[in-house]
Amino acid sequence: MKKILLTGALGQIGTELTDKLRKTYGTDNVIATDIRENDSHVVKDGLFEILDVTDAAAMAEIAQKHKVDTIIHLAALLSATAEAKPLLAWNLNMGGLVNALEVSREQNCQFFTPSSIGAFGPITPKSLTPQDTIQRPTTMYGVNKVAGELLCDYYYHKFGLDTRGLRFPGLISYVAPPGGGTTDYAVEIYYEAIEKGSYTSYIDKGTYMDMMYMPDALNAIVNLMEADPAKLKHRNSFNVTAMSIEPEMVAAEIRKHIPSFTLDYNVDPVRQSIADSWPDSIDATAAKEEWGFEAEYDLEKMTKDMLTKLEEKKA
Ligand code: AKB
């Protein structure tokens, strides 16, 4: 990765990844793009271009103008929004992906895009879900993710494009909010613990899903992109995870810092049924073996850091 184009750079992952890549590869070697502008550091502190990922010509022009050698394609609708607007999700998630793959093929770029635990479905083995297993998701987001994994494999086999990807669990961060995901409760709970001392969860108690703290997710992207290609058997869509948790576990951990914190429930049937169709926990052995994946943050360490950083933000 020498000159990197990011799509969806103002999203939850992009906001922090842009920063990390600018620090690692140099500010002038990272071109952040998004469909909108804001007044964040992503826009103000480096190269930034407006880009609608469904506009293939505009994407090709920006990549050509900056002579990029890597495309990190993040722009996508998350699971709950995709379920509310399935046709928009198909057009944006699949249209954006195929455009980004085509630009990468034409301009010979290395390519990364995230998949998700959403690529699994209700008949997937629920515990320690293997790397290679049944994938019959019942959500539009899941359909997009499985199709995306296969499309990235296809570009690798057919055109020799250096495509790589991770199946991310819910990502937790104090910098930019996720928005439209099923796992968002695990971010909101920390914000509301600091702001109100209580949280009403739309995901029911006892619903386990995998999660990961953002610093581990960013390291995983960079480490996979830098990994020796000869060692990658799976390339696209490696299972990665740091913890398998449910709301009561997060609440118990928060109470170690805020003893009066209370959690109650008002379950959202749509997001609950999405969560119920996903694994309780996934197995990241292939990522560990093929490129040395490891997560530094468990629930305890992440909770301490989240609450400290959110307190600092509030002050
Ligand atoms: C979502 O909940 O939609 C995402 C994901 C797990 O892909 N956070």
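In listed order, ligands and their atoms are each counted from 1. Note: hydrogens, waters and symmetry copies are ignored here, and every other heavy atom, side chains too, is used. Quick caveat, the model's predicted, so the values are computed rather than measured.
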**Q** Could you tell me whether E61 atom CD has more than 12 heavy atoms of other residues or ligands within 6.0 Å of it?
**A** no
**Q** Could you tell me whether the side chains of D268 and Q272 share a donor-acceptor contact shorter than 3.5 Å?
**A** no
**Q** Pick one of side chain, backbone, both or neither for how I117 approaches ligand 1, counting any non-hydrogen atom pair under 4.0 Å.
**A** side chain
**Q** Atom 1 (C) of ligand 1: which protein heavy atom is closest, and how many Å away?
**A** S79 OG, 3.3 Å
**Q** Nearest protein heavy-atom contact for atom 2 (O) of ligand 1: which residue, which atom, what distance?
**A** T182 N, 2.7 Å
**Q** Nearest heavy atom to atom 7 (O) of ligand 1: which of Y141, Y185, W278 does it belong to?
**A** Y141
**Q** Which of the atoms in ligand 1, numbered in the order shown and given with their element, are less than 4.0 Å from a heavy-atom of G181?
**A** 1 (C), 2 (O), 3 (O)
**Q** What distance do S115 atom OG and E149 atom CD have between them, rounded to the nearest 0.5 Å?
**A** 3.5 Å
**Q** Please report the interatomic distance CD1(I245) to CG(D280), rounded to the nearest 0.5 Å.
**A** 12.5 Å
**Q** Considering heavy atoms of the protein only, find what lies nearest to atom 8 (N) of ligand 1 and give residue, atom and distance to 0.1 Å.
**A** T183 OG1, 2.9 Å
**Q** Under a 3.5 Å threshold, yes or no: a donor from one side chain and an acceptor from the other, between T303 and Y190?
**A** yes
**Q** Could D162 and R235 be called an ion pair, given the rule that one side-chain N must be under 4.0 Å from one carboxylate O?
**A** yes
**Q** In terms of residue, atom name and distance, what is the protein heavy atom nearest to atom 6 (C) of ligand 1?
**A** S116 OG, 3.6 Å
**Q** As an exercise, identify every atom of ligand 1 less than 4.0 angstrom from a heavy atom of L78.
**A** 3 (O)
